[in-house]
Visitor: 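After the structure tokens below, expect a handful of questions from me.
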Amino acid sequence: MVLSQVNKRKLICLNKFDLDSMCSLLGSGFNLNETLTLIETEKNKEVIKLIKKDLNQGKSIQEALNHRIAVQYNKHFNSLLEFIPLDQTLQLCNRFDDFEQKTKGLLQKNLFQPLVLFFSSIVAVECFNQIGFPILIQLMREFKVSVSTLTSVHILLSSSIRFLFVILFFLTIGILYFSQKDKRVIGYLLLKKFGIGHILCHLISTEFATYFNECTKLDFKTQISLQILQKLKQKPLLVFLSYHTEQLLIQGNEMDKAMDHGYLDQQLISTMKLAMHIANVCKMLDSYIEINQTKSIVFCMKLSKWIRMFSYSFVGFMIIMVYQILMLPLSIISNM
């Protein structure tokens, strides 16, 4: 049953290649009906038929294509199509998705394995602390060996692990709460207020620059580009940043001054100021994005390194203590 639903989903969706072809044809002056006929293949003829049927019945392009395009396009498709033509909507959906996938891939590649190792090592040490340590202490007591030092280590380790679990618990709750779409802006403002949102500001500014730059590359004017970003309902932080930037722009400020509202990276503002002087915004923003992405990779690699070191220290401690348990009988016999 599930397999048939998956196959049905694949059947009624235009894939990425179909949509790229559609975008190129629409940009070359073909109308939608002609474009649909030209991209029709054996694999997509059923969905093309359904789209044409809906269009002939008087339904809007949005209604005809809704949920019949590749998943990666659906995220921003409806929001953008209300504001800009279909071919530009498809181009922006594609470019935005490429950036999101690249960012997600960077995080998964550099942080997923270290974080799994980190949590696994904490759980392993806690299990040893609850099972291995009591056995070791009991053995030493049976052989009338002083356990005061070992007991102190056991208590200290228990307290440290519990404290770490409490921090991780509240950190997880905070991340889950503020990752909700309607809470992201509040979370970002709180981090900025307490001066601990530097890394997040760096990432958000890169995202803002990337999305704004992609709009600029399609020859949208500055204010229109900001209005397009405000249509991205799945990106509340971008909506918030673009709104405040546009409001300052409306008041007569230059773009670099309009961006200086306290929520964006100062380096981005400096880049925009230079871009206005050399009249090549796209080139300067490309450089800013490339530099920031390199910085993000370096930061992720450093963070990954520290997480691994922390995890290995936990594992090393556990190995040493297990060795002590195994060697305890021999040590006691040799001292008899």
Visitor: What I want to find out is whether Asp20 reaches Lys16 closely enough, with some N-O distance under 4.0 Å, to be called a salt bridge.
Guide: yes
Visitor: Heavy atoms only: give me the nearest Cys201-Lys192 pair and the separation to one decimal.
Guide: SG-NZ, 3.7 Å
Visitor: Is the count of non-hydrogen atoms from other residues, nucleotides or ligands lying under 6.0 Å from Lys273 atom NZ greater than 12?
Guide: no
Visitor: Let me check something: do Phe119 and Leu303 share a hydrophobic cluster, defined by ILVMFWY side-chain heavy atoms less than 4.5 Å apart, either directly or through other members?
Guide: yes
Visitor: When clusters are formed by joining ILVMFWY residues with side-chain heavy atoms under 4.5 Å apart, either directly or through shared neighbours, do Leu157 and Phe310 land in the same one?
Guide: yes
Visitor: Sequence neighbours excluded and cut-off under 3.5 Å, please list the side-chain donor-acceptor pairs for residues 122-131, or say none.
Guide:
unit_1	atom_1	unit_2	atom_2	d
Glu126	OE2	Gln130	NE2	2.9
Asn129	OD1	His154	ND1	2.9
Asn129	ND2	Ser158	OG	2.7

Visitor: Ignoring hydrogens and angles, tell me if any N or O in the side chain of Asn110 forms a donor-acceptor pair with the backbone of Ser304 under 3.5 Å.
Guide: no
Visitor: Do Tyr263 and Leu189 have side chains that get closer than 4.5 Å, going by heavy atoms?
Guide: yes
Visitor: For Leu65 and Leu81, what are the C-alpha separation, side-chain angles and deciding distance, and is it a side chain to side chain contact (heavy atoms under 4.5 Å, CB included)?
Guide: CA-CA 11 Å; Leu65 290 176; Leu81 192 58; 5.5 Å; no
Visitor: Can you name the nearest heavy-atom pair linking Leu268 to Ser205, along with the distance?
Guide: CD2-O, 3.8 Å
Visitor: For Gln101, look at atom CD and say whether over 12 heavy atoms of other residues, nucleotides or ligands are found less than 6.0 Å away.
Guide: yes
Visitor: I'd like to know whether Phe99 forms a side chain to side chain contact (heavy atoms under 4.5 Å, CB included) with Gln293, so could you lay out the CA-CA distance, the side-chain angles of the two residues, the decisive distance to 0.1 Å, and finally the verdict.
Guide: CA-CA 11 Å; Phe99 172 77; Gln293 286 177 340; 3.9 Å; yes
Visitor: Is the number of heavy atoms from other residues, nucleotides or ligands within 6.0 Å of CD (Glu254) greater than 12?
Guide: no
Visitor: From Glu46 CD over to Glu40 CD, what is the distance, rounded to the nearest 0.5 angstrom?
Guide: 9.0 Å
Visitor: Salt bridge check: are Lys59 and Asp54 linked by an N-O gap of less than 4.0 Å?
Guide: yes
Visitor: For Gln62, is the CD atom crowded, meaning more than 12 foreign heavy atoms sit under 6.0 Å from it?
Guide: yes
Visitor: Report the C-alpha separation of Arg95 and Leu218 in whole Å, then their side-chain angles, then the decisive distance to 0.1 Å, and conclude whether the side chain to side chain contact (heavy atoms under 4.5 Å, CB included) test is met.
Guide: CA-CA 11 Å; Arg95 295 178 185 185; Leu218 291 181; 3.7 Å; yes
Visitor: Between Thr206 and Lys295, is there a side-chain heavy-atom distance shorter than 4.5 Å?
Guide: no
Visitor: Quick check for you: to the nearest 0.5 Å, what is the distance between Gln113 atom CD and Leu111 atom CG?
Guide: 11.0 Å
Visitor: Could you check if a side-chain atom of Ile269 sits within less than 4.5 angstrom of a side-chain atom of Lys257, using non-hydrogen atoms only?
Guide: no
Visitor: Using side chain to side chain donor-acceptor pair (under 3.5 Å) as the criterion, point out the one residue from Lys231, Lys233, Lys235, Glu100 that pairs with His76.
Guide: Glu100
Visitor: Could you measure the distance from the NZ atom of Lys75 to the CG atom of Leu232? Nearest 0.5 Å is fine.
Guide: 9.5 Å
Visitor: With distance as the sole test, does Asp18 use its side chain to make a donor-acceptor pair with the main-chain N or O of Asn15 at under 3.5 Å?
Guide: yes
Visitor: After noting the C-alpha distance and the side-chain angles of Leu229 and Val239, does the key distance pass the side chain to side chain contact (heavy atoms under 4.5 Å, CB included) rule?
Guide: CA-CA 6 Å; Leu229 297 190; Val239 173; over 6 Å; no
Visitor: Exactly one of Leu92, Leu19, Leu86 should register a side chain to side chain contact (heavy atoms under 4.5 Å, CB included) with Phe77. Which one does?
Guide: Leu86
Visitor: Considering all heavy atoms of both residues, which atom of Met284 and which atom of Thr271 are nearest to each other, and what is their separation?
Guide: O-CG2, 3.5 Å
Visitor: Please answer whether the main-chain N or O of Glu34 pairs with a side-chain N or O of Asn31 as donor and acceptor at a distance below 3.5 Å.
Guide: yes
Visitor: Is there a side-chain contact between Pro114 and Phe118, using heavy atoms and a 4.5 Å cut-off?
Guide: no
Visitor: Do Val281 and Leu248 belong to the same hydrophobic cluster, where Ile, Leu, Val, Met, Phe, Trp and Tyr are linked whenever their side-chain heavy atoms lie under 4.5 Å apart, directly or via other members?
Guide: no
Visitor: Given 3.5 Å as the limit, does a donor-acceptor pair link the side chain of Thr35 with the main chain of Leu25, or not?
Guide: no
Visitor: As an exercise, state the distance from CD of Gln88 to CD of Glu214, rounded to the nearest 0.5 Å.
Guide: 13.0 Å
Visitor: Is it the case that more than 12 heavy atoms not belonging to Lys102 sit under 6.0 Å from its NZ atom?
Guide: no
Visitor: Side-chain heavy atoms under 4.5 angstrom apart, residues restricted to Ile, Leu, Val, Met, Phe, Trp, Tyr: same cluster for Phe83 and Phe212?
Guide: yes
Visitor: Under a 4.5 Å cut-off applied to non-hydrogen side-chain atoms, are Glu207 and Leu238 in contact?
Guide: yes
Visitor: Which one of Thr172, Val166, Leu168, Ile167 satisfies the side chain to side chain contact (heavy atoms under 4.5 Å, CB included) criterion with Phe170?
Guide: Val166
Visitor: Please check if atom CZ in Phe165 has more than 12 non-hydrogen atoms from other residues, nucleotides or ligands closer than 6.0 Å.
Guide: yes
Visitor: Return the CD1 to NZ distance between Ile48 and Lys43, rounded to the nearest 0.5 Å.
Guide: 14.0 Å
Visitor: Heavy atoms, side chains only, cut-off 4.5 Å: are Phe178 and Leu191 in contact?
Guide: no
Visitor: Which pair of non-hydrogen atoms, one from Asn33 and one from Lys52, has the smallest distance, and what is that distance?
Guide: O-CE, 4.1 Å
Visitor: Could you tell me whether a side-chain N or O of Gln180 sits under 3.5 Å from a main-chain N or O of Tyr177, the two making a donor and an acceptor?
Guide: yes
Visitor: Does Lys217 NZ have over 12 foreign heavy atoms under 6.0 Å away?
Guide: yes
Visitor: Does the side chain of Asp286 come under 3.5 Å of the side chain of Asn213 through a donor N or O and an acceptor N or O?
Guide: yes
Visitor: In Å and rounded to the nearest 0.5 Å, what is the OG to CD1 distance from Ser79 to Ile228?
Guide: 12.0 Å
Visitor: Under 4.5 Å between any side-chain heavy atoms of Leu203 and Phe299, yes or no?
Guide: no
Visitor: Counting only heavy atoms not in Phe112 (residues, nucleotides, ligands), do more than 12 fall under 6.0 Å from its CZ?
Guide: no
Visitor: Are Val298 and Ile291 co-members of a hydrophobic cluster defined by side-chain heavy atoms under 4.5 Å apart?
Guide: no
Visitor: Is there side-chain contact between Asn94 and Gln91, with at least one heavy-atom pair below 4.5 Å?
Guide: no
Visitor: Mind listing the closest non-hydrogen atom pair of Met255 and Thr222 along with its distance?
Guide: SD-CG2, 3.6 Å
Visitor: Side chain of Arg184, backbone of Ser179: donor and acceptor closer than 3.5 Å?
Guide: yes
Visitor: Heavy atoms only: give me the nearest Ile224-Phe220 pair and the separation to one decimal.
Guide: CG2-CD2, 3.7 Å
Visitor: With clusters built from Ile, Leu, Val, Met, Phe, Trp and Tyr whose side-chain heavy atoms come within less than 4.5 Å, directly or transitively, what are the remaining members of the cluster of Ile297, listed by chain and number?
Guide: Leu106, Met301
